[in-house]
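Beneath this line is the structure, given in structure tokens, with notes to follow.
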Amino acid sequence: MQRIAVFPGSFDPFTIGHEMIVRRALDLFDKIIIGIGINPEKQSFFPLEVRKRWIERIFENEPKIQVETYQMLTVDFCRKVGAKYILRGLRTSADFEYERLVGQINRQLGNHDIETVYLLTLPEHTFISSTMVREIIRFKGDVSKFVPKIIADDIKNNYLN
Ligand code: ADP
């Protein structure tokens with residue numbers, strides 16, 4: 001049976017922290033579906049299609065990775081795509097408390113057959129967040145050290161003018 005994991009998030013935008021979690025998890029799973037959750041209540045900074053295209057381009061040579069969008073509970077999305085695992089990254093103790101809550105709820109909602117797998121962030125990526133990247137862009141700063149090159153180039157050309 002294929003080991004399929006969903007890596008859920010808003011990825012607004014995808015950072016090198018996210019990228020490293022996915023690359024490190026590649027050995028653990030046969031397939032990783034990066035699931036961009038749509039929250040109609042929340043206005044995103046980057047359009048959904050742009051976020052999706054960026055991630056697709058980053059992993060275009062990686063056949064084990066697929067990028068999808070979804071608007072439902074993460075466990076329902078997992079069932080839809082046949083995933084038994086949810087992949088998450090852990091940066092800080094604050095992340096841990098939040099992830100503990102979501103992980104335990106998802107375990108109940110998933111009838112105990114969906115496991116969440118957590119990878120600790122590399123120490124040098126602990127301070128990187130999509131929120132911080134958005135703040136830097138708002139004030140026209142340079143985010144090239146925090147996001148993959150494809151995204152940094154596109155932001156420089158299309159969002160900093
Ligand atoms: P959400 O909106 O669900 O918090 P994010 O897009 O912010 O989604 O993050 C998705 C996942 O990536 C989460 O598990 C988060 O902890 C993890 N993550 C975010 N930033 C980093 C980072 N710098 N290093 C490793 N993991 C990260």
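Every number for a ligand or one of its atoms is a count from 1 in the order of the listing.
Tracing side-chain contacts under 4.5 Å through hydrophobic residues (I, L, V, M, F, W, Y), one reaches Ile55 starting from Leu26; they form part of the same cluster.
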| task | Walk me through it: do Phe11 and Trp54 pass the test ring-ring contact (aromatic ring centres under 6.0 Å, His included)? | result | CA-CA 10 Å; Phe11 308 119; Trp54 278 339; over 10 Å; no
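Separation of atoms OH (Tyr85) and SG (Cys78) is listed at 11.5 Å; rounding is to 0.5 Å.
The protein heavy-atom contact nearest to atom 6 (O) of ligand 1 is Phe11 N, 3.0 Å. Remark: minimum distance from atom 15 (C) of ligand 1 to any protein heavy atom is reached at Gly89 O, 3.7 Å. Looking only at heavy atoms of the protein, atom 23 (N) of ligand 1 is closest to Ile128 O, 2.8 Å. Of the protein's heavy atoms, Ser10 OG, 2.8 Å lies nearest to atom 2 (O) of ligand 1.
Glu135 has a carboxylate O that lies under 4.0 Å from a charged side-chain N of Arg138, or vice versa, which qualifies the two as a salt bridge. Residues Glu97 and Arg100 are paired through a salt bridge, judged by an N-O separation under 4.0 Å between the basic side chain and the carboxylate.
Within the 4.5 Å cutoff, no side-chain heavy atoms of Gln66 are placed close to those of Val81. With contacts defined as side-chain heavy-atom distances shorter than 4.5 Å, the pair Ile105/Val102 does not qualify.
For Arg91, every heavy-atom contact with ligand 1 shorter than 4.0 Å involves the side chain, none the backbone. With a 4.0 Å heavy-atom cut-off, ligand 1 is reached by the backbone of Pro8 but not by any atom from C-beta on. Neither the backbone nor the side chain of Phe127 has a heavy atom within less than 4.0 Å of ligand 1.
The contact set between ligand 1 and Gly17, taken as ligand atoms under 4.0 Å from a residue heavy atom, comprises 22 (C), 23 (N), 24 (N), 25 (C). Within the listing of ligand 1, atoms 24 (N), 25 (C), 26 (N) sit less than 4.0 angstrom from a heavy atom of Thr121. Annotation for ligand 1: atoms under 4.0 Å from non-hydrogen atoms of Arg88 are 3 (O), 4 (O), 10 (C), 11 (C), 13 (C), 14 (O). Distances below 4.0 Å separate heavy atoms of Asp95 from the following atoms of ligand 1: 16 (O).
Each of Ile136, Ile151, Thr15, Leu160 was compared with Val143 under the side chain to side chain contact (heavy atoms under 4.5 Å, CB included) criterion, and only Ile136 meets it.
For the pair His18 and ligand 1, the shortest N or O to N or O distance falls below 3.5 Å. Where the criterion is an N or O separation shorter than 3.5 Å, residue side chain and backbone included, Ser130 fails it with respect to ligand 1. Annotation: Ile21 places no N or O atom under 3.5 Å from an N or O atom of ligand 1; distance criterion only. Below 3.5 Å of separation, one finds no N or O of Phe7 facing any N or O of ligand 1. Checked against a 3.5 angstrom limit, the closest N/O atoms of Tyr98 and ligand 1 fall outside it.
Partners of Asp95 under the side-chain hydrogen bond (donor to acceptor under 3.5 Å, both in side chains) rule, at least two apart in sequence or in another chain, are Arg91.
Look at Glu99 and you'll find a heavy atom under 4.0 Å from some atom of ligand 1.
Side-chain atoms of Asp30 do not come within 3.5 Å of backbone N or O of Gln2 as any donor-acceptor pair.
Applying the salt bridge (Lys or Arg N to Asp or Glu O under 4.0 Å) test to residues at least two apart or on different chains, the pairs with a partner in residues 67-90 are Asp76-Arg79, Arg88-Glu99.
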